[in-house]
Amino acid sequence: MVERQLPERQLPERLSPLEPVYHPGSHGNFEHGVDVILSETRPGSILQLAAWPGEEKRLMSGIYKVTGLALPDGAGGGVVNGAKAAFGFAPGKFTVVDEAEGLASAFTGLITPSIGTITDLSHGRTAIRISGPKAEWVMAKLFAIDFALPAFPLGAGRSTNHHDVFAQIQRTGGDQFDIYVFRSFARSFWKALCHASEEVGYEVH
Amino acid sequence: MLITCPYCGPRDVIEFTYQGDGNRERPQPASQDLDAWNAYVYDRLNPAGDHNEIWQHSGGCRAHLRVVRNTLTHEILSTAFARGGHKSAGHKAGGHQ
Ligand SMILES: [Zn+2]
């Protein structure tokens, strides 16, 4: 058997679908200040976990064991802790995000087929963050849901859409939201978000 | 028109997809009862009033819902998860007559 010399292993370069339209700097009506900051957060892991009916608690305790995130009960409940975040987006279904890659393998063996399923969407979703004093205002222009803090508490998640672009939204700060959209729609959504932010002045980080 | 999803709360109707009359009862797939299949495919109450309907929150949590909607006023009288199979209103809505 001929031994083949393999080239030095290289990590694949991660490409963003936003790259051609991602322009760091200040834009729009920013002469009087920048009221929102837009960025792509590029988490290494975006997972969808779904429990069979009646297995929700076991799934939630599995999420706690792996991530340390204690999900609150109730529709759309969620939690953020530094590099990790989780929220309910549908009955028995949760999105779990980690800055680091490889989160799906940490769940294998723990979320057994009798509890539910794990779907690794790390390459299928794009994560966009909007923050700043006018974040609620800009989001309310795009989505027909209530972004006020009492109606949309810190850590909570929502499933909705903008012109048929499905979006999962988590409040990750008092004036900060993380938006998860399909990767194939991300560039179009990003451009819409930039247009919506022009009037308040925005900065791309 | 707002529909209150049991999971997501009140949402605009554009987030939902109508999935038909909620009064239909599908025969067992192996059934050869032609009258039952005919009724499932064609018979509709078409009430002027409260109507059992199936909707999906397709632009949100994607849950299938049992909705009672008034066909005259578009008022949504009740919503519930379709999972479990029991009708939300518990009546074959006959309308206000
Ligand atoms: Zn819903």
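Sequence lines set the chain letters: A, B, ... in the order given, protein chains first and strands last, and positions in each chain run from 1.
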(message) Atom CH2 of residue position A:W52 - does it have more than 12 heavy atoms of other residues, nucleotides or ligands inside 6.0 Å?
(response) no
(request) Taking atom OH of B:Y18 as the centre, report whether more than 12 heavy atoms of other residues, nucleotides or ligands fall under 6.0 Å from it. (result) yes
(message) To check you understand the geometry: which heavy-atom pair defines the closest contact between A:A75 and B:Y7, and what is its length?
(response) CB-O, 3.1 Å
(message) Would you say that more than 12 heavy atoms from the other residues, nucleotides or ligands in this model lie under 6.0 Å from the NZ of A:K141, or not?
(response) yes
(message) For A:S159 versus B:C61, what's the shortest heavy-atom pair and its separation?
(response) CB-N, 3.9 Å
(request) Please round to the nearest 0.5 Å and tell me the distance separating atom OG1 of A:T160 and atom CG of B:D12. (result) 9.0 Å
(request) Evaluate the side-chain proximity of B:R83 to A:P53: yes if any heavy-atom separation is below 4.5 Å, no if none is. (result) yes
(message) For the CD1 atom of A:I145 and the CZ atom of B:R11, what is their distance to the nearest 0.5 Å?
(response) 5.0 Å
(request) Under 4.5 Å heavy-atom distance to chain B, tell me which part of A:F89 shows up: side chain, backbone, both or neither. (result) backbone
(request) May I ask you to check whether over 12 heavy atoms, not counting those of A:N81, lie within 6.0 Å of atom CG? (result) no
(message) If you count heavy atoms of other groups shown closer than 6.0 angstrom to CD of B:Q28, is the number above 12?
(response) no
